[in-house]
Protein chains: 2
Amino acid sequence: MTIGLAHAELIAVLSAVTGDEPRVMTVRSGDALPSGPFELGHRSLQAGLREWVGDQTGHPLGYLEQLYTFADRDRTHEDAEGRTISISYLGLVREQAAPGAGKPGWHGWYEYFPWEDHRGGRPEIQAAITDRLQDWVTSETARREHRQRRVDFAFGLDGAAWNEDLGLQRYELMYEAGLVTEAGCPPAKNFGRSMFADHRRILATGIARLRAKIKYRPVVFELMPESFTLSQLQRTVEALAGLTLHKPNFRRLIDQQELIEETGEATSETGGRPAKLFRYRHAVLEERALSGSKLPLSRN
Amino acid sequence: MTIGLAHAELIAVLSAVTGDEPRVMTVRSGDALPSGPFELGHRSLQAGLREWVGDQTGHPLGYLEQLYTFADRDRTHEDAEGRTISISYLGLVREQAAPGAGKPGWHGWYEYFPWEDHRGGRPEIQAAITDRLQDWVTSETARREHRQRRVDFAFGLDGAAWNEDLGLQRYELMYEAGLVTEAGCPPAKNFGRSMFADHRRILATGIARLRAKIKYRPVVFELMPESFTLSQLQRTVEALAGLTLHKPNFRRLIDQQELIEETGEATSETGGRPAKLFRYRHAVLEERALSGSKLPLSRN
DNA sequence: GCCGGATATACTCACTTCGAGTATAAAAGG
DNA sequence: CCTTTTATACTCGAAGTGAGTATATCCGGC
């Protein structure tokens, strides 16, 4: 019996935040995500990727999480002796440990997804996108209603609120509607910077996953330096979520979670009143979070 | 350059709920999860699995979601020409469409994880488990504190509340502490029924994922028949979560989500007052849910 | 036919959480 | 010393959540 033989490949979405700009590590001048073959010598996928990232970038990798495994037919290796299976990972790199961040190799998320940054309100480009999506909705009578609901929900139209977690759905809608060059549309009709093969889709997956995760697990701290101010922390979260947050409530949220503690020092680099410095309470690391139950429990 | 060649295998965690018992489809009299090679003819992994499940079981597969991809060294294929990559999926099967449920092939979740069912309060077996875990905690001085926190958090001890989502963490702790035969411990010291290779770990992954998911996406309905009563729905959720829920609050939660509507009919099969029958509002299917923001937004 | 058991359904209330706004403190610079 | 800027602290009402109680409708036994 023929057991499915395949080429195994690892693809990484490595992110860092510099100032208020979320960035991703790229190769080929920003056209592709770093990837490499899964070598036989590695203990596991995770270990393989860590090793490989360490060699290639010199940045120690903090948090690492599997994203998704793809094996669609169009991903078949050219000299196909079997097809290619791509296993993608999300990795977080601390700002200070990423000297390359800001230099070539690291590109801003919103270069690829300009419509995902809502920190300055709805970005202008979004109107153009939703106009084109509306054409796509109207162009078919059969699934029209269904398409309309998907667009409205994903982009926060018609009463629905903008939900930052839906980045992948938004990209997939645009792909279906032929608004990205990866779907075969002419470069003129493209929105955002495109990438090699399905790398932009994988990046969207990583962004969506991270945006969802920061809400129920303290992963932001994997991106922060050893000590930081509350404003820095807030700006980092805002950069990731692509949203502006309510400052007093953000602070309340943070300290009622008891995730951080004062270092005792302060910094006056920020301009106004000096800000206290905090550090992450590592004791809490693996436990904690995973907060809400959402199910109406019965205490008997 | 040697591109990593590997064997690709699909493993499925197929679940259904009959009455108040959550079940999983198994092969080898309950010793293993169904699995098979990833054939080259398939369009994608997802399509490959759907086809394969259809052929093997005759049950149409509703919801299907990727779980995790494993490729640890100990999973190497015997006549190793490369190693085996296992891609696991979680699938949900509707009760009525699964005539085999209850018959051989389908086994109850809690046969494998008796400590995960808290519907009748803390199960007795848990005390024995945590006693043994406590020995494991005390046996090492170096990481003792860390281990203690992990155990307390995972099993809801020392002030922490029981969290049904942590099934995977609990199994992994037991594995580390040598309380399951899969870790090489003698059968006498085993807790719960063990499985082939790492299949029980994969099942734990599936259960944990599903338990987490029912809180923010309406996936329960993939397990319900066309029409159902609110009590049936509640019992299904309780079966999955391994918890008892507060009836009035459960009903409030359900109808404020507007996920279901009355069929107009009622059933008196349950004994007391006849219960109204409801159906899932399919219109809502892809949108909706993904409820809470958890981030303190600013409206400017 | 009436009554108790069983199940379904409906309503109330206190407490916590959350969104939103306002007020005070401490630095820098003209 | 007064304004600007950033940091920090407090308040309030609306909404959500945990928990309990009350009413409705069937069945079966007497």
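In what follows, chains are A, B, ... by sequence order, proteins preceding strands, each numbered from 1.
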*A275(A) side chain, from C-beta outward: closest of dT9(C), dG20(D), dT8(D)*: dT8(D)

*Is the shortest side-chain N/O distance from S268(A) to OP1 or OP2 of dA27(C) below 4.0 Å?*
no

*asked:* How many whole angstroms separate atom CZ of R273(A) from atom C1' of dA27(C)?
replied: 9 Å

*Within a reach of under 6.0 Å around CD of E265(A), are more than 12 heavy atoms found that belong to other residues, nucleotides or ligands?*
no

*Between dT8(D) atom P and K247(A) atom NZ, what is the distance in whole Å?*
8 Å

*Would you kindly check if the NZ (Lys) or CZ (Arg) of R193(A) is within the cone defined by 45 degrees around the ring axis of W109(A) and under 6.0 Å from the six-membered ring centre?*
no

*So what does T229(A) hit on the nucleic acid, given a heavy-atom distance under 4.0 Å: a base, only sugar-phosphate, or nothing?*
nothing

_Residue-phosphate contact under 4.0 Å: K276(B) side-chain N/O, dA8(C) OP1/OP2_ = no

*asked:* Within the 4.0 Å limit for protein heavy atoms, which parts of nucleotides 12-17 of chain D are touched? Write it as a string from 5' to 3', B for base, S for sugar-phosphate only, - for none.
replied: -----B

*Take the protein atom CZ of F228(A) and the nucleotide atom P of dA7(D), then report the distance between them rounded to whole Å.*
14 Å

*In whole Å, what is the span from the CG atom of L233(A) to the P atom of dT6(D)?*
18 Å

*Identify which nucleotide among dA7(D), dT9(C), dC10(D) has an atom closest to any side-chain atom of P248(A), counting heavy atoms from C-beta outward.*
dC10(D)

*Nearest-Å distance, CZ (F250(A)) to C1' (dA9(D))?*
17 Å

*Provide, to the nearest angstrom, the distance between the CZ atom belonging to R251(A) and the P atom belonging to dC18(C).*
18 Å

*asked:* I need the minimum non-hydrogen distance between A208(B) and L168(B), along with the two atoms involved.
replied: CB-N, 4.1 Å

*asked:* What is the distance, to the nearest angstrom, from the CD1 atom on I260(A) to the C1' atom on dT8(D)?
replied: 13 Å

*Taking atom CD of E261(B) as the centre, report whether more than 12 heavy atoms of other residues, nucleotides or ligands fall under 6.0 Å from it.*
yes

_Ring-face cation of R170(B) near W162(B) (centre distance under 6.0 Å, axis angle within 45°)_ = yes

_I need the CZ-C1' distance between F278(A) and dA7(D), as an integer number of Å._
10 Å

_The single option from Q126(B), E164(B), E238(B) passing side-chain hydrogen bond (donor to acceptor under 3.5 Å, both in side chains) against H118(B)_ = Q126(B)

*Lys/Arg-Asp/Glu bridge criterion (N-O < 4.0 Å) met for R149(A), D158(A)*: no

